[in-house]
Amino acid sequence: VIASNTSASISAMSYVFNPNNFKKICLVCPPISPKKTGLYNALKKLPLDLPILGDLFFNYFNSKKVLKSFLKENIYSDTAFITDEKINNLYAYSHKGGGTNRYLFTSFITNSFEIGIETSLPEIDIPVLIVYGDSLIDSYKNIETIKTLNPAVTVKLLKGKSLPNEEDF
């Protein structure tokens, strides 16, 4: 299984419940601990859930200009990977399904579905490779934490940010 970011956390958790379905796991930039949701994110969620204002925020934050900026700031360290085709695909995917996509966006913005690998990683006893991008602020701290949680895990640092598997290929 190869999974990245929040999907990586879900895959690690899935191993705990169904270990026979896995032979090896590669996790790309998994979050260690869940992000705090708290009062701030609950208050941030209120305007996003409102009918007109929520649509306005969704359409702004899922515009091609903002998607490009998000990729540059959070996903890729090399802007050559931010192509018009990739932006057009993200834009199209974010608008499929009509208005219901707005609720997934709200969950993303407020960290409502963010989980970490800190509880499942110690229970994994098959080969695990975890990859982080060297441009991410927390990469080095995460490597230390991972080695504490499960010393058998192999950790690699590649060139890039949140998708180093694409950038350092």
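- Looking at Ser120, its side chain never comes within 3.5 Å of a backbone N or O of Val16 through a donor-acceptor pair.
- Considering every non-hydrogen atom in both Ser11 and Val1, the closest pair reads OG-CG1, 3.8 Å.
- Heavy atoms from other residues, nucleotides or ligands lying under 6.0 Å from CD1 of Ile2 number 12 at most.
- Two residues are said to be in side-chain contact when any heavy atoms from C-beta on lie closer than 4.5 Å; Ile32 and Glu118 meet this criterion.
- At a threshold of 4.5 Å between non-hydrogen side-chain atoms, the residues Asp78 and Lys159 count as touching.
- Considering CG of Asn74 and CG of Leu163, their distance stands at 11.0 Å, rounded to 0.5 Å.
- Hydrophobic clustering, with ILVMFWY side chains joined whenever heavy atoms are under 4.5 angstrom apart, groups Phe22 together with Leu149.
- The CG atom of Asp55 sits 8.0 Å away from the CD1 atom of Ile52 when rounded to the nearest 0.5 Å.
- In this structure, Thr79 contributes its side chain and Ile82 its backbone to no donor-acceptor pair below 3.5 Å.
- To the nearest 0.5 Å, atoms OG (Ser33) and CD1 (Ile115) are separated by 12.0 Å.
- Under a hydrophobic clustering in which Ile, Leu, Val, Met, Phe, Trp and Tyr are joined whenever their side-chain heavy atoms come within less than 4.5 Å, directly or via other members, Tyr140 and Leu158 fall into different clusters.
- Criterion: ILVMFWY side-chain heavy atoms under 4.5 Å apart, direct or through other members. Under it, Tyr76 and Leu67 are part of a common hydrophobic cluster.
- Looking at every heavy atom in both residues, Pro31 comes nearest to Asn5 through CD-O, 3.4 Å.
- Closest approach of Asn150 to Leu121, counting heavy atoms only: ND2-O, 3.0 Å.
- Checking side-chain atoms of Asp134 against main-chain N and O of Lys161 turns up no donor-acceptor pair under 3.5 Å.
- Residues Asp84 and Lys64 are not in side-chain contact: their nearest non-hydrogen atoms beyond the backbone lie 4.5 Å or more apart.
- Residues Leu71 and Val66 share a single hydrophobic cluster, defined by chaining ILVMFWY side chains whose heavy atoms lie under 4.5 Å apart.
- In this structure, a donor-acceptor pair under 3.5 Å is present between the side chains of Asp125 and Tyr15.
- Note that OG of Ser94 is 9.0 Å distant from CG of Asn59, once rounded to the nearest 0.5 Å.
- One hydrophobic cluster, built from ILVMFWY side chains closer than 4.5 Å, cannot hold both Ile10 and Val28; they sit in different ones.
- Using a 4.5 Å heavy-atom threshold, the side chains of Tyr132 and Asp138 count as separate.
- Leu48 places none of its side-chain heavy atoms less than 4.5 Å from the side chain of Phe58.
- Pairing each heavy atom of Thr83 with each of Ala80, the nearest pair is CG2-O, 3.8 Å.
- Heavy atoms of other residues, nucleotides or ligands lying less than 6.0 angstrom from NZ of Lys141 number 12 at most.
- Minimum interatomic distance between Lys23 and Pro127 (heavy atoms only, all atoms of both residues): O-CD, 3.6 Å.
- Under the 4.5 Å side-chain criterion, counting only non-hydrogen atoms from C-beta, Leu136 is not in contact with Asn142.
- Here the side chains of Asn21 and Ser14 are not in contact, with every heavy-atom distance at 4.5 Å or above.
- For the atom pair OG (Ser9) and CG (Leu27), the distance works out to 8.0 Å, reported to the nearest 0.5 Å.
- A pairwise comparison of heavy atoms in Lys86 and Phe81 identifies NZ-O, 3.3 Å as the closest pair.
- Within the 4.5 Å cutoff, no side-chain heavy atoms of Asn165 are placed close to those of Val131.
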CA sep, side-chain torsions, deciding dist, call: Tyr60, Leu56, side-chain contact (heavy atoms from CB on, under 4.5 Å): CA-CA 6 Å; Tyr60 171 75; Leu56 179 70; 5.7 Å; no
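- Ring-plane geometry between His95 and Tyr91 is classed as tilted, the angle between the planes lying from 30 to 60 degrees on a 0 to 90 degree scale.
- With hydrogens and angles disregarded, a donor-acceptor distance shorter than 3.5 Å links the side chain of Glu167 to the backbone of Ser77.
- One distance of note links CD1 of Ile117 with CD of Glu123; it measures 12.5 Å at 0.5 Å rounding.
- Ser139 places a side-chain N or O within 3.5 Å of a backbone atom of Gly133 that can act as its donor or acceptor partner.
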